[in-house]
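Have a look at the structure below, then the notes.
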Amino acid sequence: GVASTTTTVILIYDNTPPVIVPTISGTLGSNGWYTSNVDMSWSVTDSESGIASKSGCDPQTLSSETSGTTIICSAVNGAGLSNSNSATIKIDKTGPSAYLSVNSGTLGSNGWYTSDVKVGTTGSDPVSDSVTCTSDQIFSSEITGTAVTGSCTNGAGLTTSATPLTIKIDKTGPSASLSVKSGTLGNNGWYTSIVVVSTTGSDIISSPVTCDPDQTKNADTTGVTVSGSCKNDAGLITDATPIILKIDTTAPTGVHLVPSGIMGGSGWFTSDVTVNTVGNELISTPFACTDTQHLTSDVNGLVVNGNCINDAGLKADAAPLTLNIDKTPPITTDNAPAGWQKAPFTVTLACTDGGSGCDNTYYTLDGGSSDT
């Protein structure tokens, strides 16, 4: 017979390329960003023909910040089929910058603002841009100092707080008032001495307050306007309500007594006498003097006084005046005998006067010649 041989052929068929799967470990932030180092490895398998070769598939650690690094792993199986896979890694481990600044407001003195203040927050990031920051903040209340905070967040979700900014706001000027610190107050609002005026004020927000220095007024005046102001620590100035000073430090001048009547001899008046007090005043008018004094009685050595007072209350005395008044004539007597006489005789004359006394006596003969 004929011998026969049977050959068995085993066929291996693989039409599927390798399976490549990445494994990524790290801290995942926002928008696909990692915020730490990233460990990268690959699973490369082929259950049929196996892996003949692979490239770029070794494990690695990415530590540098990057806006996008693409890692590619390629492999060829035993059947000669190839495949590749890739992963893009974005790493940002640093938060953005963040700053606070005053966008609008009127700056006064010593760091104070004297209006509403708007504070803005700004920042940037060189890696993961699309930085968002705290919205503008508006401050309108008066405050002695408030800490304003704000922050910025980058595309990776990292947030940075800005250094706080202290805002001081005072929109109101201080109080301010004028007052007489020293001075002698006379009548009718007049001062009769040197006057020192002080300006004082306060502020419940921005202290200390500085005011104009004391003002000394030493000139006589019918009215001088005194002004002053105070400034708070924010630099706001308030004018005090002005005050008007009237100053008269001098009493009336030229004050003296003026008598009026019929003048006899030796300084004696022989009638009723009126005495007026007169003087002069240049500053605080009107001024008043002692009322007219009426003297109707006989007097010997009467001392009369008078004065003038100005509107400020200052008084000046007149020099005293000594008055002698004698309105009564003297009484004379003689010892002449009554009737006709045949022989010569001596007549003695006598005079009496209770006021000014007798100065002289005289006689007449037959209505004619006289002798003393």
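Atom set for the values below is all heavy atoms of this structure, side chains included, hydrogens, waters and symmetry mates excluded. Keep in mind that this is a model prediction, so the values were computed, not measured.
- With no hydrogens or angles considered, a side-chain donor-acceptor pair links Asn232 and Ser206 at under 3.5 Å.
- Connection of Leu302 to Ile325 is established within a shared hydrophobic cluster, with ILVMFWY side chains joined at heavy-atom distances below 4.5 Å, either directly or through further cluster members.
- There is no path of hydrophobic side-chain contacts, each under 4.5 Å, that joins Val209 to Ile204.
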Problem set entry | Working for side-chain contact (heavy atoms from CB on, under 4.5 Å), residues Val226 and Gln215 | CA-CA 8 Å; Val226 182; Gln215 303 175 64; 3.7 Å; yes

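- There is no path of hydrophobic side-chain contacts, each under 4.5 Å, that joins Ile309 to Val278.
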Exercise. Going through the checks in order, is the side-chain hydrogen bond (donor to acceptor under 3.5 Å, both in side chains) test met by Thr285 and Asp311?
Worked result: CA-CA 5 Å; Thr285 57; Asp311 197 47; over 6 Å; no

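- Taking 4.5 Å as the limit, every side-chain heavy atom of Ser182 sits out of range of all side-chain heavy atoms of Val195.
- A donor-acceptor distance shorter than 3.5 angstrom exists from the side chain of Ser271 to the backbone of Ile262, with no hydrogens or angles considered.
- Phe287 and Leu282 are assigned to two separate hydrophobic clusters, defined by single-linkage of ILVMFWY side chains at heavy-atom distances under 4.5 Å.
- Remark: Ser193 OG to Ile247 CD1 distance equals 8.0 Å, nearest 0.5 Å.
- Cluster annotation: Leu107 is connected to Val117 through the hydrophobic network of ILVMFWY side chains, with a link wherever side-chain heavy atoms come within less than 4.5 Å.
- Within the 4.5 Å cutoff, the side chain of Phe269 has heavy atoms near those of the Leu323 side chain.
- For residues 248-263, the pairs satisfying side chain to side chain donor-acceptor pair (under 3.5 Å) are Asp220-Thr249, Asp220-Thr250, Asp248-Ser284, Asp248-Asn310, with sequence neighbours left out.
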Exercise. When you look at Val102 and Leu165, which way does the side-chain contact (heavy atoms from CB on, under 4.5 Å) test go after all the steps?
Worked result: CA-CA 9 Å; Val102 174; Leu165 181 66; 4.1 Å; yes

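- Interatomic distance, CG of Asp317 versus CG of Asn307, reported as 5.0 Å (0.5 Å rounding).
- Taking 4.5 Å as the limit, some side-chain heavy atom of Thr16 sits within range of a side-chain heavy atom of Glu48.
- Residues Cys211 and Gly201 share a closest heavy-atom pair of SG-N, 3.5 Å.
- Lys168 contributes a side-chain N or O that, together with a main-chain N or O of Asn110, makes up a donor-acceptor pair within less than 3.5 Å.
- Tyr99 OH: 12 or fewer foreign heavy atoms inside a 6.0 Å radius.
- Put simply, the side chain of Asn154 gets close to the backbone of Leu158: a donor and an acceptor are under 3.5 Å apart.
- In Ile24, the CD1 atom is crowded: over 12 heavy atoms of neighbouring residues, nucleotides or ligands sit closer than 6.0 Å.
- At a threshold of 4.5 Å between non-hydrogen side-chain atoms, the residues Thr274 and Thr292 count as touching.
- Here Leu257 contributes atom CG and Gln293 contributes atom CD; the two are 7.0 Å apart, rounded to the nearest 0.5 Å.
- The OG1 atom of Thr270 sits 10.0 Å away from atom NZ of Lys327, with the distance rounded to the nearest 0.5 Å.
- Interatomic distance, CD1 of Ile138 versus CG of Asp116, reported as 7.5 Å (0.5 Å rounding).
- A side-chain donor from one of Thr153 and Thr159 sits under 3.5 Å from a side-chain acceptor of the other.
- The two residues Ala156 and Trp33 make their nearest non-hydrogen contact at CB-CB, 3.5 Å.
- Contact between Ser36 and Thr27 at its shortest, heavy atoms only, is OG-N, 2.8 Å.
- Between Ser25 atom OG and Asp39 atom CG the span is 4.0 Å, to the nearest 0.5 Å.
- The closest side-chain heavy-atom distance from Val197 to Leu245 is below 4.5 Å.
- Side-chain atoms of Asn85 come within 3.5 Å of backbone atoms of Ile20 as a donor-acceptor pair (strictly under, hydrogens ignored).
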Problem set entry | Residue pair Asp136, Asn103: steps toward the side-chain contact (heavy atoms from CB on, under 4.5 Å) verdict | CA-CA 9 Å; Asp136 287 348; Asn103 290 342; 3.6 Å; yes

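- The two residues Asp212 and Gly228 come nearest to each other via the heavy atoms OD2-CA, 3.3 Å.
- Between Thr238 and Pro174, some side-chain heavy-atom pair lies under the 4.5 Å cut-off.
- Nearest heavy-atom pair, Thr322 versus Gly301, reported as atom, atom and distance to 0.1 Å: CG2-CA, 3.6 Å.
- Between Ile283 and Trp190 there is a side-chain heavy-atom pair separated by less than 4.5 Å.
- Annotation: side chain of Ile243 is not in contact with side chain of Thr241 (no heavy-atom distance under 4.5 Å).
- Under the 3.5 Å distance criterion, with hydrogens and angles disregarded, a donor-acceptor pair is assigned to the side chains of Lys93 and Asn37.
- A distance-only check finds a donor-acceptor pair linking the side chain of Ser49 to the backbone of Gly78 [under 3.5 Å].
- More than 12 heavy atoms of other residues, nucleotides or ligands shown are found within 6.0 angstrom of NZ on Lys246.
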Exercise. Checking side-chain contact (heavy atoms from CB on, under 4.5 Å) for the pair Thr172/Ile205: CA distance, chi angles, key distance, verdict?
Worked result: CA-CA 9 Å; Thr172 307; Ile205 303 295; over 6 Å; no

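- Donor-acceptor pairing under 3.5 Å is lacking for the side chains of Ser207 and Asp233.
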Show me the donor-acceptor pairs within less than 3.5 Å that the side chains of residues 67-76 make with the rest of the protein, sequence neighbours left out.
from	atom 1	to	atom 2	distance (Å)
Thr69	OG1	Thr66	OG1	2.9
Thr70	OG1	Thr88	OG1	2.9

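- A pairwise comparison of heavy atoms in Glu142 and Asp170 identifies OE2-OD1, 3.2 Å as the closest pair.
- Ser175 contributes a side-chain N or O that, together with a main-chain N or O of Ser202, makes up a donor-acceptor pair within less than 3.5 Å.
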